[in-house]
Protein chains: 2
Amino acid sequence: MISRSSGLSLYRQVADAIRQQILSGELAPGSLLPSEKYLAEEHDVGRDTIRDAMAHLRGEGLVESKRGYRSRVRALVPRERIWLHPGEIVTARMPTPAEKKEHGIHEGVPVLVVGDKAYPADRYEFGRE
Amino acid sequence: MISRSSGLSLYRQVADAIRQQILSGELAPGSLLPSEKYLAEEHDVGRDTIRDAMAHLRGEGLVESKRGYRSRVRALVPRERIWLHPGEIVTARMPTPAEKKEHGIHEGVPVLVVGDKAYPADRYEFGRE
DNA sequence: CCCAATTTGTACGTATGTATA
DNA sequence: TTATACATACGTACAAATTGG
């Protein structure tokens, strides 16, 4: 339930509520969220507040949004494993716009970087044998 | 220069312009950006449009914002290197709110995950000897 | 220590554009 | 075609944190 006197911002409270539903499995991977308009009325806040909450959930990689369609809970796909060669270093960062477009990377999905190659972190993992 | 007829949204054009200034070094790491109010007047758009652009740049890990203070170009610190043990697997994702709070992780910074431990990707990297 | 100015954060409203069903 | 839904963009107002006098 949204409280206007809890000290926590409304969009965070909404984001927390939806995140909890996702992590608990109440909202299954791949399932559609209610529309922003519905959520705004349900929680009795403005649509902009819902959009703020959705933007944060997208940034966490929990949901994906597409114009003209309701937002969807992101579904996890099995990651392809790549074995590191001796001397290789792996780190991570957010993708550049060019990398997002090139690999079709969703919001809230980082890339793993090895050398000068970037691998979408929702589809790859690196291991040492 | 912002064009209202290019087909590209205004906030993306603003974000592209600022990103280019950061990547070119014109805006140095650690330096302060102009205020949102100034940027809105400079580009002749609403403050909300500037805030959309800033939110995306934060999501890319390029800038960090703090209430009461101007936004700042993120400064890169040297990463601590951790050597992987045989059989260990590393991947990356965005941090949970709890992880962000616990480790003081900024917006747009993923975590590297090894086992059930999460390492902020702006401070750690993993390597194979 | 307090006060005022500045700046970003939050939240509301409205309107229009564009993609999907 | 029509209705629905998210994206973009403008506006306003106030809250909260920081800075500096």
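Keep in mind that what you see is a predicted model, and the values were worked out from it rather than measured. We name chains A, B, ... by the order of the sequence lines, and we start the count at 1 in each one.
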Inset, instruction - Output, in order, the C-alpha distance, side-chain angles, deciding distance and verdict of salt bridge (charged side-chain N to carboxylate O under 4.0 Å, His left out) for B:R74 and B:E64. - result: CA-CA 6 Å; B:R74 276 179 52 77; B:E64 57 194 29; 3.3 Å; yes
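A salt bridge is defined here as a Lys NZ or Arg NE, NH1 or NH2 lying under 4.0 Å from an Asp or Glu carboxylate O, and B:D16 with B:R19 meets this definition.
The nearest whole Å value for the distance from the OH atom in B:Y69 to the P atom in C:dG9 is 14 Å. Remark: P of C:dT8 and CZ of B:R67 are 12 Å apart, rounded to the nearest angstrom. Atom pair B:D48:CG and C:dC12:C1' shows a separation of 12 Å (rounding to whole Å applied). Separating the CZ atom of A:R4 from the C1' atom of D:dA15 is a distance of 14 Å, rounded to the nearest angstrom. Rounded to an integer number of Å, the gap from B:R47 CZ to C:dT10 P is 11 Å. Rounded to whole angstrom, the span from the CD atom of A:E36 across to the P atom of D:dT4 amounts to 16 Å. To the nearest angstrom, P of C:dT7 lies 11 Å from CG of B:L39. As a whole-Å value, the separation of B:E64 CD from D:dT18 C1' is 15 Å.
Among the nucleotides D:dC6, C:dT10, C:dT8, the one closest to the side chain of A:S9 is C:dT10.
Side-chain contact between A:D122 and A:L76: absent, with no pair of heavy atoms (C-beta onward) separated by less than 4.5 Å.
In terms of position along DNA chain C, the nucleotide closest to B:L33 lies nearer the 5' end than the nucleotide closest to the other residue of the pair B:L33 and A:I50.
Between B:H56 and B:Y11, the ring planes lie tilted relative to each other; the angle falls in the 30° to 60° range.
Under 4.0 angstrom from either OP1 or OP2 of D:dT8 there lies at least one side-chain N or O belonging to B:R12. Note on B:R51: a side-chain N or O is less than 4.0 Å away from OP1 or OP2 of C:dG9.
Using a 4.0 Å heavy-atom distance criterion, A:R72 is classed as making no nucleic acid contact.
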